[in-house]
Amino acid sequence: MDNIELIKKAHAGDKLSREKLIEMNTGLIWSIVKRFMNRGYDREDLFQIGCIGMLKAINQFDLHYKVAFSTYAVPLIMGEIRRFLRDDGLIKVSRQIKENQTKITAFRQDYLKRTGKDATLKEIEENCRIPAEEILYAMEAADSVLSVDNQDSGNSPLLERLSAENDFEQEVVNKILMQQAIKQLLPEEKALIQFRYYENKTQSETGNLLNMSQVQVSRMEKKCFEKIKRFLSESE
């Protein structure tokens, strides 16, 4: 039995159909929960919150909507988890990540003051003695709340670029999955996206930071777009 038939029965008061819908969409709920992992909350607790969002989607879904149920459910599940995180306070970040953020920020500010330009990823790694992957993770964690909100606003320059190149039918889902898509990139690709679309640096500036030519940055940027678009397409 598909989602629509079960939703009809659930709307008629059939509790077993609601339970079956939760069971059938467990993978969808977990895929969203994974985006909020490593923030100090138990994964099972987040899953239960996600299930509440799924129940709201079941109850509120209009059978006349010309959209897949899973597409409709994603924003409600996301919203329920975000409300839980906000109500519970600021997203928790481990002590080690906070220490890394402090070191990275101090070094970048000092380097900028001394040289008039931003430090490259390699320079941060060598001077702070922090692996590149952890540097990128610390930078991402510092903007985690803001980044999630920016995806909702639809004002992300990266999202605008991708939308302009490809008319995605499920625009809302793509916005929500954008951060998850970026996490699939290689460390150097993540750094490129960070510098280009979250720090608004030019290709030349990004190339200097990553020890690459502008041509190399352009090629890698196109490759990143293809990876992200492929991920978003497969997630629909």
Side-chain angles (χ1 to χ4, degrees), residues 35-36 38-39 82 90-94 96-166 174-232:
R35 297 184 64 253
F36 297 93
N38 302 318
R39 295 180 179 180
R82 285 209 321 277
L90 295 175
I91 294 176
K92 300 171 185 176
V93 181
S94 73
Q96 185 59 56
I97 293 175
K98 288 182 178 179
E99 290 177 356
N100 287 347
Q101 290 172 348
T102 300
K103 289 180 182 179
I104 293 167
T105 299
F107 174 72
R108 290 182 73 180
Q109 290 178 345
D110 178 66
Y111 189 91
L112 180 63
K113 187 182 296 183
R114 287 187 290 104
T115 67
K117 59 182 181 179
D118 202 353
T120 66
L121 184 62
K122 184 176 181 180
E123 288 169 334
I124 297 174
E125 184 178 15
E126 292 176 348
N127 285 271
C128 296
R129 297 183 179 180
I130 301 173
E133 185 70 28
E134 292 184 23
I135 292 172
L136 295 172
Y137 188 80
M139 292 167 66
E140 180 182 357
D143 295 326
S144 57
V145 177
L146 179 60
S147 296
V148 170
D149 288 340
N150 282 343
Q151 297 308 319
D152 288 340
S153 70
N155 292 325
S156 166
L158 176 57
L159 184 61
E160 291 173 2
R161 169 70 180 272
L162 288 169
S163 296
E165 292 188 357
N166 189 8
N174 289 346
K175 291 179 183 178
I176 293 170
L177 294 177
M178 178 62 75
Q179 275 197 321
Q180 189 173 347
I182 292 175
K183 289 180 180 179
Q184 312 304 312
L185 301 177
L186 298 174
E188 193 171 41
E189 293 172 335
K190 289 181 182 178
L192 184 148
I193 294 299
Q194 172 71 30
F195 291 137
R196 288 280 290 127
Y197 293 96
Y198 291 93
E199 298 187 15
N200 297 318
K201 297 188 182 299
T202 65
Q203 288 187 344
S204 294
E205 291 171 333
T206 300
N208 290 334
L209 294 172
L210 297 177
N211 295 320
M212 297 167 59
S213 68
Q214 184 175 350
V215 173
Q216 289 175 315
V217 170
S218 179
R219 288 174 180 170
M220 183 180 290
E221 192 170 331
K222 290 179 181 179
K223 186 181 297 184
C224 290
F225 290 153
E226 292 304 317
K227 285 186 177 182
I228 292 172
K229 288 190 288 186
R230 190 182 311 119
F231 179 89
L232 294 176

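This structure is a prediction, so every number in the text was calculated from the model and none was measured. Atom set for the values below is all heavy atoms of this structure, side chains included, hydrogens, waters and symmetry mates excluded.
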For a quick test of your reading: what N or O donor-acceptor pairs under 3.5 Å do the side chains of residues 125-132 make, sequence neighbours left out?
unit_1: Asn127; atom_1: ND2; unit_2: Glu123; atom_2: O; d: 2.7

| message | With rounding to the nearest 0.5 angstrom, report the NZ to CD1 distance, Lys227 to Ile182. | response | 13.0 Å
| field | Pair Lys223 + Glu189: basic N to acidic O under 4.0 Å | value | no
| message | So, taking the atom named CD in Glu205 and the one named OG1 in Thr202, what distance separates them when rounded to the nearest 0.5 Å? | response | 3.5 Å
| How far does SG of Cys224 sit from CG of Leu185, to the nearest 0.5 angstrom? | 5.0 Å
| task | Find the distance between CD1 (Ile135) and CD (Gln194) and round it off to the nearest 0.5 Å. | result | 12.0 Å
| field | Backbone N/O of Tyr111 and side chain of Thr115: donor-acceptor pair under 3.5 Å | value | yes
| field | Gap separating the CZ atom of Phe107 from the OG1 atom of Thr102, nearest 0.5 angstrom | value | 15.0 Å
| query | Is the closest side-chain heavy-atom distance between Lys201 and Arg196 below 4.5 Å? | reply | no
| field | Minimal non-hydrogen separation, Met212 against Val217, with atom names | value | CE-N, 3.8 Å
| Can you find a pair of side-chain heavy atoms, one from Met220 and one from Phe225, that are under 4.5 Å apart? | no
| message | Test side-chain contact (heavy atoms from CB on, under 4.5 Å) on Gln203 and Phe195; report intermediate values, then the result. | response | CA-CA 9 Å; Gln203 288 187 344; Phe195 291 137; over 6 Å; no
| task | Answer whether the closest heavy-atom distance between the side chains of Leu121 and Leu210 falls below 4.5 Å. | result | yes
| query | In Å, rounded to the nearest 0.5 Å, how long is the span from CD of Gln216 to OG of Ser213? | reply | 3.5 Å
| Lys/Arg-Asp/Glu bridge criterion (N-O < 4.0 Å) met for Glu199, Arg108 | yes
